[in-house]
Amino acid sequence: MTAFIRFADLCAQGRAKGQRVFIRADLNVPQDEQGRITEDTRIRASVPAIRLALDAGAAVMVTSHLGRPTEGQFKPEDSLQPVAVRLAELLGQPVRLISDWVDGDFSVSPGEVVLLENCRLNVGEKKNSPELAKKLGALCDIFVHDAFGTAHRAEGTTYGIAETAPVACAGPLLAAEMDAIAQALAQPKRPLVAIVAGSKVSTKLTILQSLASKVDQLIVGGGIANTFMLAAGLKIGKSLAEPDLLGEAKAVIEAMKARGADVPIPKDVVVAKRFAADAEATVKKATDVAEDDLILDIGPETAAKLAAQLKQAGTIVWNGPVGVFEFAAFEGGTKAIAQAIADSPGFSIAGGGDTLAAIAKYGIEKDVGYISTGGGAFLEVLEGKTLPAFEVLARRAQA
Ligand code: 3PG
Ligand code: MG
């Protein structure tokens, strides 16, 4: 793997003492309508870098994006305020939240942590404008990239600042995620089974294509499975699917077949007439789906068959629930898959926001081999792509 400077090494060498350290974390956590944090894995995972900086005697600035706000237009729901509260609890010390921080009109002393308000509110963040990057770099002595979940984005605080800061290095979470995923997949124990589910084939097409050449079984779920059912000649009624991508789905099935591998197509499904928690759920054979049916989960026969395969797997990669698990009537498939992963002696690795929520819902955290904080970033690493974060940090390590 490409070499980068590790923040832990700088700290061990005493190079962070008294320095202004700017940490880009991924604190983009799910919230309910009242703004309460519903799942705080990413905040907890970001604590070690902050601790490291504090213990090394640095003045610590932390920032993150939250959602996808409009730049230059502050709305209360885009604020990192709830995150500041949770972070202060976890650190056991106050965390001041600073707004309008780009020009550096704030102070921070060694031993102190400030949270810089949602970085995607800054004009130029998304497109990584050179003017913004210059200002960001001037705020610190050391830039620490610890936002694995955002490592596939080249934005102001994930890329631009890494070019302009005096020193740019990898935080412990960023480094550990990369090491863990790369290691798990370098020589995976076979059979290697991947579960790729979610609403759209289009957003996961490249991962499906890349996995088709690597895995022994590719289990598809959600809207992706519907598109694959269409490709297999089945009717899917009104279900979410992308008919434009039938050709691609067929190509994935063919590529797998040619290697003696398999994309299991559901034998039965759970359907409803409308998308709602209280909609009546009916189990049907995959060949019996009616014109006005919506497929909202895999059926029990399919779930049992997949569960049996997962229990035989040497390695399991999981991204995405196979049904609408937020609704009790349509959670059976995802629950069965989650339980099978937990029970499987194979090494499992999971990532993605909905996947983390399912893992938490079924309480299988301890039974999953490795849980990544990344969604899109996790998938891009699985595809074998070099993420922008690693490209720029490697370049800075050589300078
Ligand atoms: C995520 O939730 O996947 C990361 O925080 C990245 O967010 P983004 O997709 O809005 O860049
Ligand atoms: Mg996302």
Side-chain angles (χ1 to χ4, degrees), residues 184-185 188-201 203-232 234 236 239-241 245 248-257 259-270 286 295-325 330-344 346-352 354-355 358-359 362 364 368-369 378-379 382-383:
L185 296 179
K189 197 161 170 260
R190 304 257 167 193
L192 169 57
V193 183
I195 304 157
V196 180
S199 51
K200 290 184 178 167
V201 172
T203 58
K204 295 187 180 171
L205 186 60
T206 50
I207 179 79
L208 290 168
Q209 287 165 336
S210 127
L211 289 174
S213 67
K214 299 187 180 116
V215 304
D216 301 302
Q217 258 152 11
L218 181 56
I219 297 176
V220 289
I224 296 178
N226 298 339
T227 305
F228 276 79
M229 285 176 69
L230 271 183
L234 291 160
I236 59 165
S239 309
L240 179 73
L245 293 174
E248 279 81 357
K250 279 187 188 148
V252 167
I253 295 173
E254 288 311 317
M256 293 285 290
K257 250 198 210 148
R259 295 175 44 242
D262 174 38
V263 182
I265 301 296
K267 292 263 175 281
D268 61 342
V269 289
V270 185
I295 302 172
L296 298 183
D297 195 10
I298 55 173
E301 184 195 330
T302 304
K305 189 172 146 241
L306 296 178
Q309 287 176 341
L310 287 167
K311 285 179 194 164
Q312 304 289 320
T315 308
I316 301 167
V317 176
W318 183 22
N319 175 262
V322 295
V324 187
F325 78 104
F330 309 100
E331 71 168 337
T334 303
K335 194 174 179 178
I337 295 279
Q339 202 51 56
I341 291 172
D343 296 343
S344 176
F347 181 77
S348 52
I349 171 161
D354 291 335
T355 312
I359 288 171
Y362 304 118
I364 58 161
V368 177
F378 170 72
L379 292 177
L382 293 182
E383 275 172 53

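Note that CG of L245 is 9.5 Å distant from CZ of F228, once rounded to the nearest 0.5 Å. Within the model, atoms CZ of R190 and CD of Q217 stand 11.5 Å from one another, a figure rounded to the nearest 0.5 Å. Note that CE of M229 and CD1 of I224 are 14.5 Å apart. Values are rounded to the nearest 0.5 Å. Taking CD1 from I337 and CD from Q309, the interatomic distance works out to 9.0 Å, rounded to the nearest 0.5 Å. The CD atom of E248 lies 5.5 Å from the CG atom of L205; values are rounded to the nearest 0.5 Å. Taking CD1 of I349 as the start and CD1 of I316 as the end, the distance is 11.5 Å to the nearest 0.5 Å.
At least one donor-acceptor pair closer than 3.5 Å links the side chain of S239 to the backbone N or O of I295. In this structure a side-chain-to-backbone donor-acceptor pair under 3.5 Å is present from D297 to G333. Judged purely by atom type and a 3.5 angstrom limit, D216 uses its side chain to pair as donor or acceptor with the backbone of L192. No donor-acceptor pair closer than 3.5 Å links the side chain of K335 to the backbone N or O of Y362. In this structure a side-chain-to-backbone donor-acceptor pair under 3.5 Å is missing from T227 to A241. Judged purely by atom type and a 3.5 angstrom limit, T315 has no side-chain atom pairing as donor or acceptor with the backbone of F347. Using a distance-only test at 3.5 Å, with no hydrogens or angles considered, no donor-acceptor pair links the side chain of T355 to the main chain of N319.
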Report the C-alpha separation of Q209 and V252 in whole Å, then their side-chain angles, then the decisive distance to 0.1 Å, and conclude whether the side chain to side chain contact (heavy atoms under 4.5 Å, CB included) test is met. CA-CA 6 Å; Q209 287 165 336; V252 167; 4.1 Å; yes
Might you work through the side chain to side chain contact (heavy atoms under 4.5 Å, CB included) test for L296 and V270, ending with a clear yes or no? CA-CA 6 Å; L296 298 183; V270 185; 5.8 Å; no
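A pairwise comparison of heavy atoms in A231 and I253 identifies CB-CD1, 4.3 Å as the closest pair. Contact detail for A336 and A307: the closest heavy-atom pair is O-CB, 4.4 Å. Contact between K204 and L379 at its shortest, heavy atoms only, is CE-CD1, 3.9 Å. Closest approach of Q312 and P191 over heavy atoms only: O-CD, 3.7 Å. Of all heavy-atom pairs spanning I359 and A350, the tightest one is CD1-CB, 3.7 Å. Nearest heavy-atom pair across S210 and L382 is OG-O, 4.3 Å.
When each of V215, L306, V220, V322 is tested with I195 by the rule side chain to side chain contact (heavy atoms under 4.5 Å, CB included), just one qualifies, namely V322. Under the side chain to side chain contact (heavy atoms under 4.5 Å, CB included) rule, W318 has a single partner from I341, L310, V193, which is I341.
I207 has its side chain out of reach of F378: every pair of non-hydrogen atoms, C-beta onward, lies at least 4.5 Å apart.
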